[in-house]
Novice: 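I have a structure here, written as structure tokens, and I will follow up with some questions on it.
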Amino acid sequence: MTALTLDSVNLHYGAAQALRNVSVTARPAAITSVLGRNGVGKSSLMRAVVGSHRISEGAIRIGETELGKSPPYARARLGLGYVPQGREIFPLLSVRENLLTGYAPLKPQDRSIPETIFTLFPVLKSMLKRRGGDLSGGQQQQLAIGRALTTRPKVLLLDEPTEGIQPSIIKDIGRALQFLRDDMGMTILLVEQYLDFCREISDHIYVMDRGEIVHEGPASDLDDPQVKRHLMV
Ligand SMILES: Nc1ncnc2c1ncn2[C@@H]1O[C@H](COP(=O)(O)OP(=O)(O)O)[C@@H](O)[C@H]1O
Ligand SMILES: [Mg+2]
């Protein structure tokens, strides 16, 4: 059971500061959501954790291990799985080949496709030979989650998994995340703009505005007008 902790994290793009003193804890066997409008720094938070953009100050830990300057593959080996915004499926590779790209950080003896992926998303099994680019947006999102699960992560990060996806598949994704939490004890951190989805599945929420955490509490806080105000365009 592994927690993910961000402790007073700052992140810059040149002179522009995208994260200000961000402290977030994602507990084991729980779904933690960070909500915020476009441009508030949600993807920057994900990049800080996966190590694709270095932080200027603060600390990020998986369990007891501080990530420091470790590269993304080392973080994947520590148990971090990542579903990027926009899915980043390889359109010309088959569904099966897309799943296999998830093996990159793994040692050869750890390389096998977990059956859980097909239990959660049966459509992927029936489409193994189809090209990634031929899948619908929702199917691609399921594939992106499946690819992240090939490393058998302890901590799963998802960047706006509901973006541009039809309601029936959003429900499937919500159920899948609840299964990973309840039956596998996974630590799940998602960033989202979609309130209803987060209210339904999250255990704990944070609200972000202009690079800062402005609220923290249970998911029911999303009904609070004061909290909602930060999320309105
Ligand atoms: N690679 C980058 N270079 C410079 N500025 C960036 C870069 N990526 C994001 N930003 C800026 O950082 C801020 C936060 O962006 P981002 O983390 O993508 O927000 P969100 O995911 O919440 O929409 C925005 O002002 C955005 O313009
Ligand atoms: Mg984003």
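Just follow the structure's listing: the first ligand is 1, and inside any ligand the first atom is 1.
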Novice: Among all protein heavy atoms, pick out the one at the shortest distance from atom 15 (O) of ligand 1; state its residue, atom name and that distance to 0.1 Å.
Specialist: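 Minimum-distance protein heavy atom for atom 15 (O) of ligand 1 reads Ser44 OG, 3.9 Å.
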Novice: Taking Glu66 for its side chain and Gly68 for its backbone only, find out whether a donor-acceptor pair lies under 3.5 Å.
Specialist: no
Novice: At what distance is the nearest protein heavy atom to atom 19 (O) of ligand 1, and which residue and atom is it?
Specialist: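 Scanning the protein heavy atoms, the shortest distance from atom 19 (O) of ligand 1 goes to Gly41 N, 3.2 Å.
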Novice: Please classify the His53 to ligand 1 contact at 4.0 Å (heavy-atom distances, strictly less than): side chain, backbone, both or neither.
Specialist: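 It is neither part, as no heavy atom is under 4.0 Å.
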Novice: Does Asp134 reach the main-chain N or O of Arg130 with its side chain, forming a donor-acceptor pair under 3.5 Å?
Specialist: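 Checked: no pair found.
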Novice: Which of the atoms in ligand 1, numbered in the order shown and given with their element, are less than 4.0 Å from a heavy-atom of Lys42?
Specialist: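 Selected atoms, number and element: 17 (O), 19 (O), 20 (P), 21 (O), 22 (O), 23 (O).
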Novice: Looking at ligand 1, does Met208 have a heavy atom less than 4.0 Å from it?
Specialist: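 Under 4.0 Å: no for Met208.
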Novice: Arg47: heavy atom below 4.0 Å from ligand 1, yes or no?
Specialist: yes
Novice: Tell me, please, if Ser43 has any N/O/S atom, main chain or side chain, under 2.8 Å from the Mg ion (ligand 2)?
Specialist: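 Yes, within the cut-off.
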Novice: Just by modelled atom types, is the Ile205 backbone N or O under 3.5 Å from a matching donor or acceptor in the Ser202 side chain?
Specialist: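 Not confirmed, Ser202 side chain does not pair with Ile205 backbone.
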Novice: What protein heavy atom sits nearest atom 8 (N) of ligand 1, and how far off is it?
Specialist: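 Among all protein heavy atoms, the one nearest atom 8 (N) of ligand 1 is Tyr13 CZ, 3.4 Å.
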Novice: Taking the side chain as every heavy atom from C-beta outward, state whether Val22 and Leu11 have any atom pair closer than 4.5 Å.
Specialist: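 Not in contact.
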Novice: Can we say Asp224 and Arg229 salt-bridge, meaning some charged N sits less than 4.0 Å from an Asp/Glu carboxylate O?
Specialist: no
Novice: Between the main-chain N or O of Asp223 and the side-chain N or O of Arg199, is there a donor-acceptor pair closer than 3.5 Å?
Specialist: no
Novice: For atom 18 (O) of ligand 1, what is the nearest protein heavy atom, given as residue, atom name and distance?
Specialist: Ser43 CB, 3.8 Å
Novice: Would you indicate whether Arg152, at its atom CZ, is surrounded by more than 12 heavy atoms from other residues, nucleotides or ligands within a distance under 6.0 Å?
Specialist: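 More than 12 within 6.0 Å, yes.
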Novice: With heavy-atom distances below 4.0 Å as the criterion, list the atoms of ligand 1 near Arg37.
Specialist: 22 (O)
Novice: Relative to the ring of Tyr206, is the ring of His204 parallel (under 30°), tilted (30 to 60°) or perpendicular (over 60°)?
Specialist: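 The arrangement is perpendicular - the two ring planes meet at more than 60°.
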Novice: Name the closest protein heavy atom to atom 13 (C) of ligand 1, giving the residue it belongs to and the distance to 0.1 Å.
Specialist: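 Answer, as residue, atom name and distance: Gly39 O, 3.8 Å.
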Novice: When you check the gap from the basic side-chain N to the acidic O, do Asp203 and Arg27 get nearer than 4.0 Å?
Specialist: no
Novice: Counting backbone and side-chain atoms alike, does Met46 have an N/O/S atom under 2.8 Å from the Mg ion (ligand 2)?
Specialist: no
Novice: By number and element, which atoms of ligand 1 are closer than 4.0 Å to a non-hydrogen atom of Asn38?
Specialist: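 Answer, ordered by atom number: 23 (O).
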